Amino acid sequence: MDADSDVALDILITNVVCVFRTRCHLNLRKIALEGANVIYKRDVGKVLMKLRKPRITATIWSSGKVICTGATSEEEAKFGARRLARSLQKLGFQVIFTDFKVVNVLAVCNMPFEIRLPEFTKNNRPHASYEPELHPAVCYRLKTLRATLQIFSTGSITVTG
């Protein structure tokens, strides 16, 4: 492969994790009995609620904190979180949608070539760490972007940040 040839890389966002607060106490038992698509985990003290459109899963605590996972964009995450807050309002809670924040984004990318991990780690020593006995990928940390890349020898890269 030429060093001069330009290859477009497809970076695919696979998961956006966001949190928000309802500013009210939530009765998990009531949500479990009256809500739709709900799994009540009483021993852990949380409720899992799934939405079909957008396809997200929410973890709800009685304190009013909600974590939404599974969205593929920030807009979809916010739309899903607001839909979830609305469904909690319809169950009779005085929900106020506040403190929305995207806390994590997961993306994947495939390089058109394989990567020699020991050489890559040696050339990028302060940022890269490779422990083949523990994990098959190089962990490359970008402090300025607050992102972590998992780089596999197949050329597959997972970006978290």
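Small disclaimer: the values here were computed from a predicted structure and weren't measured.
The nearest pair of heavy atoms linking Ala137 to Gln150 is CB-OE1, 3.7 Å. Among all heavy-atom pairs drawn from Asn15 and Gly70, the shortest one is OD1-N, 2.7 Å. Between Val66 and Ala58 the shortest heavy-atom distance is CG1-CB, 4.0 Å. Closest heavy-atom contact between Ile115 and Met111: CD1-CG, 4.5 Å. Between Met49 and Ala36, the shortest heavy-atom contact is CG-O, 4.0 Å. When all heavy atoms of Pro54 and Gly80 are compared, the pair lying nearest together is CG-CA, 3.6 Å.
More than 12 heavy atoms of other residues, nucleotides or ligands shown are found within 6.0 angstrom of NZ on Lys30. Atom CD of Glu74 has 12 or fewer heavy atoms from other residues, nucleotides or ligands within 6.0 Å. Heavy atoms of other residues, nucleotides or ligands lying less than 6.0 angstrom from CD1 of Ile11 number 12 at most. Annotation: Asp10, atom CG; neighbour count of heavy atoms from other residues, nucleotides and ligands within 6.0 Å does not exceed 12.
Ser129 places none of its side-chain heavy atoms less than 4.5 Å from the side chain of Thr121. Residues Leu142 and His127 have side chains not in contact (no heavy-atom distance under 4.5 Å, counting atoms from C-beta outward). Contact check for Leu48 versus Lys41: side-chain heavy atoms found under the 4.5 Å cut-off. For the pair Asn110 and Ser156, the minimum side-chain heavy-atom distance is below 4.5 Å. With contacts defined as side-chain heavy-atom distances shorter than 4.5 Å, the pair Arg83/Ile56 does not qualify. Put simply, the side chain of Leu51 does not reach to within 4.5 Å of the side chain of Asn37, judged on heavy atoms. The shortest distance between side-chain heavy atoms of Arg86 and Gln89 falls below 4.5 Å. Here the side chains of Leu88 and Ile31 are in contact, with some heavy-atom distance below 4.5 Å.
Residue Leu9 is not grouped with residue Leu12 when hydrophobic side chains (ILVMFWY) are merged at heavy-atom distances under 4.5 angstrom, including chains of intermediate members. When the side chains of ILVMFWY residues are joined at heavy-atom separations under 4.5 Å, either directly or via intervening members, Phe113 and Tyr140 end up in a single hydrophobic cluster. Placement of Val103 and Val105 in two distinct hydrophobic clusters is found when ILVMFWY residues are connected by side-chain heavy-atom separations under 4.5 Å, directly or transitively. Put simply, Leu106 and Leu149 are part of two different groups of oily side chains (I, L, V, M, F, W, Y) that touch within less than 4.5 Å, one to the next.
Residue pairs that meet the ring-ring contact (aromatic ring centres under 6.0 Å, His included) test with at least one member in residues 54-95, sequence neighbours left out, do not exist here.
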Task: Verdict with supporting geometry, Leu84 and Phe20, side-chain contact (heavy atoms from CB on, under 4.5 Å) - done: CA-CA 10 Å; Leu84 194 88; Phe20 72 93; 4.0 Å; yes
- [ ] Carefully, step by step, assess Phe152 and Thr158 under the rule side-chain contact (heavy atoms from CB on, under 4.5 Å).
- [x] CA-CA 9 Å; Phe152 294 88; Thr158 304; 4.2 Å; yes
TODO: With side-chain contact (heavy atoms from CB on, under 4.5 Å) as the test, would you mind laying out the steps for Ser153 and Arg116 before giving the verdict?
DONE: CA-CA 6 Å; Ser153 63; Arg116 294 185 192 95; over 6 Å; no
- [ ] Begin with the C-alpha distance, continue with both residues' side-chain angles, and end with the deciding distance and a verdict on side-chain contact (heavy atoms from CB on, under 4.5 Å) for Val17 and Ile67.
- [x] CA-CA 7 Å; Val17 181; Ile67 298 177; 3.9 Å; yes
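Between the CG atom of Leu145 and the OG1 atom of Thr148 there is a distance of 10.5 Å, given to the nearest 0.5 Å. Atom SG of Cys109 is separated from atom CD1 of Ile151 by 10.0 Å, given to the nearest 0.5 angstrom. Once rounded to the nearest 0.5 Å, the distance linking CD of Gln94 with CZ of Arg23 reads 12.0 Å. Rounding to the nearest 0.5 Å gives a distance of 10.0 Å between NZ of Lys46 and CD1 of Ile39.
Scanning for side chain to side chain contact (heavy atoms under 4.5 Å, CB included) contacts around Leu134 gives Glu131, with sequence neighbours left out.
The backbone N or O of Val95 sits nowhere less than 3.5 Å from a side-chain atom of Thr22 that would complete a donor-acceptor pair.
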